[in-house]
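Just so it is clear, the model here is predicted, and its values are computed rather than measured. So that the names make sense, note that chain A is the first sequence line, chain B the second, and so on, each numbered from 1.
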2 protein chains.
Amino acid sequence: MLSSVIFYSLDKAIRQYRRMAQANIDRAGVTISIDQWLVLRVIQETDDLTQTDIAERVFKDQASVARMIRLLLERGLLLAEPLPHDGRRTQLRVSAEGQRTLDAVEPVVLSNRAVALDGLSENDLNTLRYLLERIARNCGAPTPAT
Amino acid sequence: MLSSVIFYSLDKAIRQYRRMAQANIDRAGVTISIDQWLVLRVIQETDDLTQTDIAERVFKDQASVARMIRLLLERGLLLAEPLPHDGRRTQLRVSAEGQRTLDAVEPVVLSNRAVALDGLSENDLNTLRYLLERIARNCGAPTPAT
DNA sequence: GGTGGTTGTATGATGTATCATATAGATGTA
DNA sequence: TACATCTATATGATACATCATACAACCACC
């Protein structure tokens with residue numbers, strides 16, 4: 001039955017977390033999706049990444065990142081200016097408004113994590129991380145039949 | 001940094017798994033998404049469920065399930081006939097074609113799971129399941145501020 | 001200084017996620 | 001029976017996921 005399959009538990013956990021997290025962000029009066037927030041945060045930390053770099057960091061597709069960046073630009077949370085030495089790229093920067101959003105979301109995210117991980121010890125988390133990374137690695141191998 | 005946050009590991013694991021799983025289904029020559037497959041399988045097991053019931057079982061939204069069922073009907077993998085005692089619902093059944101698809105996908109799914117869980121003991125799986133269910137439960141509580 | 005391969009970005013197509021809402025059938029109750 | 005309410009389904013709107021492709025800028029090399 002479904003509940004015995006680990007991937008349903010996985011799916012369920014991440015889904016419930018995302019719902020809870022988004023609901024709390026909404027309730028805090030901030031208008032941003034957790035995916036956009038994630039991209040914004042990565043750009044804040046390191047602002048000379050290509051879209052492909054960003055996509056790798058957040059485990060998403062370059063196409064998805066491109067569209068999220070477009071939305072963030074349209075919403076004024078991100079600024080872009082052309083890069084002189086590479087006509088394909090633009091220099092992305094978090095705008096003041098974007099910074100305000102990040103600041104507003106930060107405590108909510110921390111609280112979300114605390115709620116989600118309530119009752120789990122440091123040890124549990126390490127175990128969980130280890131097992132999840134193992135699964136990801138197992139699945140990450142390209143097609144063996146070449 | 002991102003890698004230290006458990007939810008990125010979670011997200012990464014499930015994403016890698018889904019990519020691998022879908023790629024293997026595609027390679028087997030079957031044209032179905034793993035989400036559609038899941039819905040089809042639930043209907044095969046129990047064919048008198050409402051869309052809301054199905055949605056609950058697969059941890060999805062009723063709206064998503066409605067659209068997946070529409071696609072499955074359009075593709076002829078599912079059959080619907082009106083229910084005499086309830087004009088809102090239809091009786092859903094897996095078609096012969098749908099059954100063939102399920103049969104074709106089954107071994108691929110089993111193999112996918114084996115690949116993904118390679119190196120994890122029964123004990124690891126129980127731990128993992130327990131921790132994931134705990135997280136899901138932690139996140140499942142409705143808004144506390146009422 | 002062309003030319004071919006690579007890289008960075010954008011976008012089309014299709015499917016799923018989520019919320020909100022619409023609609024119609026079913027049901028309970030005054 | 002009439003009405004309010006609930007239930008089952010459908011759908012609009014917006015966003016993300018994924019693959020494929022387009023295209024322009026870059027770069028190496030002859």
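Within 4.0 Å of B/S33, counting heavy atoms only, lie sugar-phosphate atoms of the nucleic acid but no base atom. Across all strands, B/Q22 comes closer than 4.0 Å to no nucleic acid atom at all (heavy-atom distances).
The residue among B/D61 and B/D26 whose nearest nucleotide of DNA chain D lies closer to the 5′ end is B/D61. Residue whose closest nucleotide on DNA chain D sits further toward the 5' end, between A/R18 and B/A66: B/A66.
Taking the side chain to side chain donor-acceptor pair (under 3.5 Å) definition, one finds that A/Q16 meets it with nothing, sequence neighbours left out. Every side-chain contact (heavy atoms from CB on, under 4.5 Å) that B/D35 has, sequence neighbours left out, goes to B/R18, B/S33, B/K60, B/M68. With sequence neighbours excluded, the residues forming a side chain to side chain donor-acceptor pair (under 3.5 Å) with A/D86 are A/R88, listed by chain and number. Residues passing the side chain to side chain donor-acceptor pair (under 3.5 Å) test with B/R93 are B/E81, sequence neighbours excluded. Every residue meeting the salt bridge (charged side-chain N to carboxylate O under 4.0 Å, His left out) condition with B/R100, not counting sequence neighbours, appears here in chain and number order: B/E97. Considering only residues two or more places apart in sequence or on other chains, A/T31 meets the side chain to side chain donor-acceptor pair (under 3.5 Å) condition with none of them.
Between the OG1 atom in A/T127 and the CG atom in A/L132 there is a gap of 10.5 Å [rounded to 0.5 Å]. The distance from the CD1 atom of A/I135 to the CE atom of B/M20 is 10.0 Å, given to the nearest 0.5 Å. Here CD1 of A/I43 is found 11.0 Å from CG of A/D53. Values are rounded to the nearest 0.5 Å. Summarising the geometry, atom OG1 belonging to A/T90 is positioned 7.5 Å from atom CD1 belonging to A/I69; distances are rounded to the nearest 0.5 Å.
Within the structure, salt bridge (Lys or Arg N to Asp or Glu O under 4.0 Å) contacts touching residues 61-80 of chain B (residues at least two apart or in different chains) are B/R70-B/E74. Sequence neighbours left out, not one pair with a member in residues 71-117 of chain A passes ring pair (Phe, Tyr, Trp, His ring centres under 6.0 Å).
Near-neighbour residues of DNA chain D inside residues 67-104 of chain B, defined by a heavy atom below 4.0 Å, number-ordered: B/R67, B/R88, B/R89. Within a heavy-atom distance below 4.0 Å of DNA chain C, the residues of residues 47-54 of chain A found are A/T50, A/Q51.
Protein chain A touches strand DNA chain C; the 5'-most and 3'-most nucleotides with an atom under 4.0 angstrom of its non-hydrogen atoms are C/dT7 to C/dT18. Nucleotides of DNA chain D that come within less than 4.0 Å of any heavy atom of chain A span, from the 5' end to the 3' end, D/dA15 to D/dC26.
Counting heavy atoms from C-beta on, the side chains of A/L117 and B/F7 come closer than 4.5 Å.
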